Structure formats: structure tokens, C-alpha cells
**Student:** 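Here it is, the structure, as C-alpha cells.
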Number of protein chains: 2
Amino acid sequence: MATINEVSALAKVSISTVSRVINNTAPVKESTRERVFDAMRQLGYQPNLFAQGLVTNRTRNISLVLTDLTSAYFAPLIKSLERSLRSARYNLTVSIENTTYDEMRDTFLSQVNRRSDAVILFPHCLSDDEIRSLREEGPPMVLLNRYLPELPGQCIQIDNALGSRFAVEHLIQQGHRHIACITGISNNPETTERLAGYRKSLKQHGIPYQTKLVVEGDFTVAGGYDAACRLLAGNKPCSAIFASNDQMAAGAMKALRENGKRVPGDISLVGFDDVEYAGLLSPSLTTVRQPVEEMGHKAAEIAIALSQGKTDLPALTPFTPTLVIRESVASVE
Amino acid sequence: MATINEVSALAKVSISTVSRVINNTAPVKESTRERVFDAMRQLGYQPNLFAQGLVTNRTRNISLVLTDLTSAYFAPLIKSLERSLRSARYNLTVSIENTTYDEMRDTFLSQVNRRSDAVILFPHCLSDDEIRSLREEGPPMVLLNRYLPELPGQCIQIDNALGSRFAVEHLIQQGHRHIACITGISNNPETTERLAGYRKSLKQHGIPYQTKLVVEGDFTVAGGYDAACRLLAGNKPCSAIFASNDQMAAGAMKALRENGKRVPGDISLVGFDDVEYAGLLSPSLTTVRQPVEEMGHKAAEIAIALSQGKTDLPALTPFTPTLVIRESVASVE
DNA sequence: TATTTAAATGAAAGCGCTTTCATAAAATGC
DNA sequence: GCATTTTATGAAAGCGCTTTCATTTAAATA
């Protein structure tokens, strides 16, 4: 494992010069540069990131910190993040299961703080204030699917309400009037926004909002299953269900089938997120797609900018979801 | 961001002593230790990992390096790895898409080599010799789903052949005699072993092996779909299909449905892996479960041991897969 | 040609730690 | 009670880099 000293010896220059050609931080005579490059190649030299980090205080590492998120959602995210970061010669470290604020804090203190130039945080089950206090303990952060007014340039989100509206509009266009909604866990911005979109669409089409058609899920398959059962048990018939995510849609689909309801024959179903397996369900699931790839790229881009000390980034506009029409919606009459 | 100097000043001891209480590396008088801890607490001190790493040459970081793997498979793996590593105060960095040997090599050189105490490598699309040459460029490695005779204590695998046999036995027990097989990509140990198990089961029950009932897939959904189509197009009827992974099973299921075959009414189907969504398909997929969790834990454990310079680890026995019976297999008279 | 300016390089300090080595104080053995 | 071991601590070197500062060399200007 060659060091800068060996390179400098072989190239017959000082280590300062080697450092300069590595970092391209001051003019070096062309012939010298060549010699240094040769030496580096010969020795298979790779700078020691720890030595570099120690003096520059930069790690070239970015952390992804997640709360309790389903694999189907976070995997593509990790994938796109890592791809973007790698091309910028950054590294991605992950911390997946931080279900409570305390765990989160511990992660920040022990992992993130000292070894990352920036964090990408998916604060699903955290309150805004908890995020704020985390922010004080750690490096600059970019937030996924959460908006903090003080960080307009660092919050990456989609227009959840719009997504719901796409879903519900679609159902309405297909003739549905009795549209149920399975929401996410309460006190969560995504839940609120997606529900708001649902309500808005109904209103726009003069369809009354009925509490009995809205049941609470928790973003899990089991939660969706239960919610659908409760819906069927209540005596408010509906011809369509909008589930606030695909997990719950999958659970609901199962519940419906088990209760002898055909999808979409008896009840149409729309999800949200377009996870990997949405197209594999049967019927394949009509859903609202989050552009996870693009969001990952953007997150990486901003994280890198932050890591370079850039601040006052331009405010971000939410990403626009799209409706992916598959087989789980039928038209009525 | 307090340093060891500030702690030592506040506690009125030398930095050597502080270091000793941090690392518990030499006896320190109880009262002194207390003072140091107090000072650390007061200052919110966290040791600088880069400074530590620079002198100890240990990073407390472990890299997971993957080839082209589907999200459904790698997500739970990442999850279990990260969980194990975190409890040992290690860090996980990931590098997901290394499809060629050259990319892999680049990853090793630029990322893994200088910043990881160990690598966990999933060498799906790499040859044994390519792995060997990677081994020379990087830190100690643990291999997932691959066996290298020179690393008996560092290869974590399942008994693929046994898994296939569970699957095929099950089909045979249900009365099936014409059992097709969709294999993975060729020249891959997993493909070979799983196919071998299939053949062995047939043989044990005196069922002739028929080339026409074996079609090649590539471990993807699309590959499974195509394979199933080819199977149906060939004029060799079968009552059951064993797909070498769940992705392909999902693809096959779709193909069967589109061709008017009911699953399991007309054709039974068994997969392999038990990915997250296997139970969500309809019919839910009977499949062979890999204990990914346990494998992740084991991988983490070995990686940590390696990072501590341990060598000559005891040879590992393959994990045993289990059959998960769901709805995609019917019995024939 | 003499002088100023820019380019090219090296010496040395220092980033925050661990780890020898040396030394002082306390505990042990005879 | 003195020599010896053990315990407790500090001073200082050094890990591999970057970066300031000083110095030399080459180019540009008058």
C-alpha cells in the first residue's frame, strides 16, 4: 500500500508536489506531472482517505438514513443514490432501521456525524421538530418526502396531493362514484397530503366526502388487509378503493379476494408508489408512480453540493407523480 | 466538535490517558476515568474516526459489493447486515451495480480498498478466478452464495441442490410427473446446483430427465416470462414448473395466465428464494426460502472477525433452505 | 539588460489520534 | 524496611496527508 512518500521518492519530487498533482491545486510543470503520474501508476498508489479526511475534514462519504421503510421502496432509492454518488467518486453508507428518535439520534452521533459530508434523511416517522434537532447534531441534510420551510433547497418531495388526484380522477373517469380510501398512519405528512388530494378530487366532481369510506392503514401490507376488511364489514358499499401506497393495495387486494370480491370486476383498486412488484400482482396494479430514480439523483446532487459547502441552494419544486394504468381498475356502467 | 485535547484539558490529564479510557487499553485509576468520562460527556466528545483510522489502519467500516441483483433480493440482505454491523459499532457502505469485472475492480480500487476492513461480496456474475484476483486488490472478503475452496470459512451459502429437491419432491408428492424447470443464466453455480437438485429428485423417483422440459431463463421476470412461453410453445406438456428463482416464477405465472393456463389448476408452480412479494402474488407462490436474515448476520459476524485480523476461521456449513408452501401447487389425482 | 511578476518546487507544521518509552507512585515479597 | 513488581500517568513520535510559507527558477515587462 504505497504512500505519498514512496511516490515522491520514485518521482524525485517533494510530497507537496505529489499532493498538488493529486488535487490539481497549483500549477505543476508538465514534465513533473508526468513523472508523478508514472510513479503513482507504477506503485498502484491510492491516496489514504483517512489522512486526507483528517486534514481536509471532508470524507467523500454520504449517509443515507432511513426509518422503518419497506424494502420495495428503499432498494431502488439506494440503487439510484449509489449510482449518482459513485460517478462523483463519493461513497454511500446506509443506516436502515431507525424507528425511534433515540435510535436516530444515536445513529447521527455515532455514525453520521463524524464520517459523512452530508446525510440524506428519510424521516418518515419523525416530527418536524425532531428533524430540526437532528439537524443540529449532524452534517448538512437533504430531506426526502418532507418539507421544512427553512430548507427549501434541501427537501425533495413529490406532489402527493396531485398523485392522489391522478388516482381518484382516473377512478371517477371510469365512472366510479363510491370511492373508498385507505390512508397511511396518522400524523404523517404523506398521509395527510394524499388524503387531501383524494378529498379535493371528490369535491371537484361534486362527490360528497364520506367518513365511512375512509379507513386508516399503516402503510404495511397487513395494515392494508385489515383496512379492506373493515371497509367490507362496514355497510357502506363502494366500487373502488384508493390505497395510499402499494403495500396496502396489495394487502387490500388479498382481503378482497378472500372475501369473494373480484378485482377489478367488483371493486377497482389503485395504489401509490409503483413499487417493483406492482406489475406482478394479479391483476397488475394501477398505481401512482413516484419517480424514485430521479429523486435519488437529485438527492445525491444536492448532498454533494452541500458537502462542498454550498449553501443557499435554489428552492426545489416537488416532483410530479404519474399515473401508471394497469389492470386493477374497471369502468362501471 | 471537541477533540481529545479539549477533553484532556478539561479532565486535567494527558491525551494518552484519555486515549486509554476511550480504548480501555491500559489500567486507569477509577477516579481519573470518571473525570475523563465527565469531560467527554460535557463536551459531547466523539473520537475522530479518521484520526483513529490513520494510526490504527482500521476503519470500522465494511463494504457490501453487489453485482446486478434484484432489489427484492438485496434489500433484506442490506437490512440484516446493517443491523448486525451497527450493534458492533461498524458501518456499512454499499456498492450496488457492478456488472462487469472491470467495474468491480474499479470499485475495489477506489472504494473498498482504502476504507473497509472487510468486503462482503456477492459475486453473482463473476468467475472464480475473477474473484481471486479481486481478492488480491482488496481487504479480506466474505463471499455470499459462492464457494472458493481456499476460503472455507468465508463462504456463506445455502444448499441450493437441497432447496431444489425440496421443491421438486413437493411436486412429486403432489402427484406431478411432468415437471419442467426454468433455469438461471448458464455458467453460474447457483444455476448449476439448483438444476442438479432438480435432476437428482427426478432420478430418485425414477422419473426420466427430459431436455425438452428444461428451459433457460436469466433470473429476471422477463426471462421467466419468455422461458414459460417457450415451454408452452414446445409440445411437451407438463403439469408443474419449478423456476430457479421467484422473479422467474413471477414472470412464468404471468405468461401462464396470459396463455389461458390456470395456476395451479392447470400448472403448478414453485419458485426459489422467497422474496418479499412471493406471498403477494396470486396465487401466492410456493417457494424455497433462503434464510437471508441469518446469512446476513453470519456474513457480518465473519466480516467483523476478519476485520480484527482473525484468520483460519472454521469452515462453514451451508445454510439449509426451507420449503414455504403457499397456493401455487395443486395435487394431481 | 535590469527588474518585476508569475510559475514551480520544497520544508515544515499540523490535522486528531494511538502507542511506545520513560517515570513516578503504589503494592508486593522477603 | 528495602528491592522488586505492578499500576498509573505523561511526553513525544508518527500515521499519511494538505497547506502555508519561503525559496528558486523561468517568463514577462520596462
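As the structure is a prediction and not an experimental result, all values here were calculated from the model. Numbers restart at 1 for each chain; the letters A, B, ... are given by sequence-line order, proteins then strands. As a basis for the values below, the full set of heavy atoms in this structure was taken, side chains included, without hydrogen atoms, waters or symmetry mates.
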**Student:** Any side-chain N or O of A:Thr3 less than 4.0 Å from the OP1 or OP2 oxygen of D:dG16?
**Tutor:** no
**Student:** Would you check if there is a donor-acceptor pair between the side chains of A:Thr59 and A:Asp117 at a distance under 3.5 Å?
**Tutor:** yes
**Student:** How about B:Phe122 and B:Tyr73: are their ring centres within less than 6.0 Å of each other?
**Tutor:** yes
**Student:** Return the value, rounded to whole Å, for the distance between atom CD of B:Glu6 and atom P of C:dC17.
**Tutor:** 9 Å
**Student:** Write down the protein N/O and nucleotide N/O pairs, taken from nucleotides 20-23 of chain D, whose separation is under 3.5 Å; answer none if there are no such pairs.
**Tutor:**
none

**Student:** Would you say A:Ser19 places a side-chain N or O within less than 4.0 Å of OP1 or OP2 belonging to D:dT18?
**Tutor:** yes
**Student:** Run the ring pair (Phe, Tyr, Trp, His ring centres under 6.0 Å) test against A:Tyr90 and tell me which residues pass, sequence neighbours left out.
**Tutor:** none
**Student:** Can you tell me the distance, in whole Å, between the NZ atom of B:Lys29 and the P atom of C:dA24?
**Tutor:** 16 Å
**Student:** CD1 of B:Ile15 versus C1' of D:dG10: gap in Å, rounded?
**Tutor:** 10 Å
**Student:** Which whole-number value in Å describes the distance from A:Asn23 CG to D:dC17 P?
**Tutor:** 11 Å
**Student:** Between B:Arg132 and B:Glu150 (salt bridge meaning N to carboxylate O under 4.0 Å), is one present in this structure?
**Tutor:** yes
**Student:** Let me know the distance between CG of B:Leu54 and C1' of D:dG16, rounded to the nearest Å.
**Tutor:** 5 Å
**Student:** Are the side chain of A:Arg60 and the backbone N or O of A:Arg89 linked by a donor-acceptor pair below 3.5 Å?
**Tutor:** yes
**Student:** Measure across A:Ser8 and A:Ile15 and return the closest heavy-atom pair with its distance rounded to 0.1 Å.
**Tutor:** OG-CG2, 3.5 Å
**Student:** Rounded to the nearest Å, what distance is computed from the CD1 atom of residue B:Ile22 to the P atom of nucleotide C:dC17?
**Tutor:** 7 Å
**Student:** Within this structure, what is the CG-to-C1' distance between A:Asn57 and D:dT18, rounded to whole angstrom?
**Tutor:** 12 Å
**Student:** Roughly how bent is the helix from C:dT1-D:dA30 to C:dC30-D:dG1 end to end, in steps of 10 degrees, with each end axis from five pairs?
**Tutor:** 30°
**Student:** So, is B:Thr32 near the phosphate of D:dT9, with a side-chain N or O under 4.0 Å from OP1 or OP2?
**Tutor:** yes
**Student:** Could you work out which one of C:dC17, D:dT18, D:dG10 sits closest to the side chain of B:Val13?
**Tutor:** D:dG10
**Student:** For B:Thr17 and D:dG10, is the shortest distance between a side-chain N/O and OP1 or OP2 below 4.0 Å?
**Tutor:** yes
**Student:** Please tell me which of the listed nucleotides, C:dT18, D:dT18, C:dT9, lies nearest to the side chain of A:Ser14?
**Tutor:** C:dT9
**Student:** Would you kindly give the CD-to-P distance between B:Glu30 and C:dA26, to the nearest whole Å?
**Tutor:** 17 Å
**Student:** Might you point out which heavy atoms bring A:Asn98 and A:Leu66 nearest each other, and give the distance in Å?
**Tutor:** ND2-O, 3.0 Å
**Student:** Please determine whether the number of non-hydrogen atoms from other residues, nucleotides or ligands lying under 6.0 Å from atom CZ of B:Arg83 exceeds 12.
**Tutor:** yes
**Student:** So, are A:Asp38 and A:Arg35 salt-bridged, with charged N and O less than 4.0 Å apart?
**Tutor:** no
**Student:** Looking only at side chains, do A:Ser133 and A:Arg105 share a donor and an acceptor under 3.5 Å apart?
**Tutor:** no
**Student:** Nearest nucleotide by nearest heavy atom, which residue falls closer to the 5' end of DNA chain C, B:Gln52 or A:Pro27?
**Tutor:** A:Pro27
